[in-house]
Enquirer: 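Supplied in structure tokens, the structure appears directly below.
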Amino acid sequence: MKKYLFTSESVTEGHPDKLCDYIADSILDECLKQDKNSRVAVEVFAMKDNITIAGQITSNAKF
């Protein structure tokens, strides 16, 4: 029997973390869709009227 470690983060609906996670996940998904060997380390930060995307991507994907 495999053992799993379950963790979760809970924030209220409309919280900026949900938007940041969605953007980061979308970038990762698109890279992996086009290049299964993509390496993606992306952080997304939201504050007031600004969204900052930072990190490193090694991929042949075009997006």
Side-chain angles (χ1 to χ4, degrees):
M1 180 175 178
K2 291 184 179 181
K3 292 185 178 183
Y4 295 93
L5 176 62
F6 177 78
T7 63
S8 66
E9 175 184 0
S10 179
V11 294
T12 59
E13 186 176 336
H15 192 280
D17 277 354
K18 289 193 180 287
L19 173 63
C20 292
D21 289 346
Y22 178 77
I23 293 169
D25 289 347
S26 296
I27 292 169
L28 173 62
D29 290 346
E30 188 61 28
C31 286
L32 291 175
K33 185 178 5 172
Q34 294 183 38
D35 178 4
K36 66 180 178 114
N37 296 314
S38 294
R39 296 178 56 102
V40 180
V42 172
E43 291 287 338
V44 180
F45 310 96
M47 184 176 170
K48 298 186 182 179
D49 293 335
N50 294 313
I51 295 178
T52 302
I53 302 171
Q56 299 174 331
I57 298 174
T58 302
S59 178
N60 291 318
K62 305 286 185 223
F63 58 96

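These numbers come from the heavy atoms of this one structure, side chains and all, not from hydrogens, waters or symmetry mates.
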Enquirer: Out of curiosity, does Leu19 fall in the hydrophobic cluster containing Ile27 (side-chain heavy atoms, cut-off under 4.5 Å, transitive links)?
Expert: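 Shared cluster, yes.
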Enquirer: Using a 4.5 Å cut-off on heavy atoms from C-beta on, say whether the side chain of Ile57 contacts that of Val42.
Expert: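 They are in side-chain contact.
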Enquirer: Minimum heavy-atom separation for Ala61 and Gln34, please, with both atom names.
Expert: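 So the minimum-distance heavy-atom pair works out to CA-OE1, 3.3 Å.
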Enquirer: Compare every heavy atom of Phe45 with every heavy atom of Cys20, then report the nearest pair and how far apart it is.
Expert: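 What the structure gives for the nearest pair is SG-C, 3.9 Å.
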Enquirer: Rounded to the nearest 0.5 Å, what separation is found between the SG atom of Cys31 and the NZ atom of Lys62?
Expert: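 So the SG of Cys31 and the NZ of Lys62 are separated by 10.5 Å.
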Enquirer: Would you check if the side chain of Asn60 reaches a backbone N or O of Asp35 as a donor-acceptor pair within less than 3.5 Å?
Expert: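 Checking the backbone N and O of Asp35 against the side chain of Asn60, no donor-acceptor pair under 3.5 Å is found.
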Enquirer: In Å and rounded to the nearest 0.5 Å, what is the CG to CG distance from Leu32 to Leu28?
Expert: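 Going from CG on Leu32 over to CG on Leu28, the span is 4.5 Å.
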Enquirer: As an exercise, state the distance from CD1 of Ile51 to CD1 of Ile23, rounded to the nearest 0.5 Å.
Expert: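 Between Ile51 CD1 and Ile23 CD1, I get 4.0 Å after rounding to 0.5 Å.
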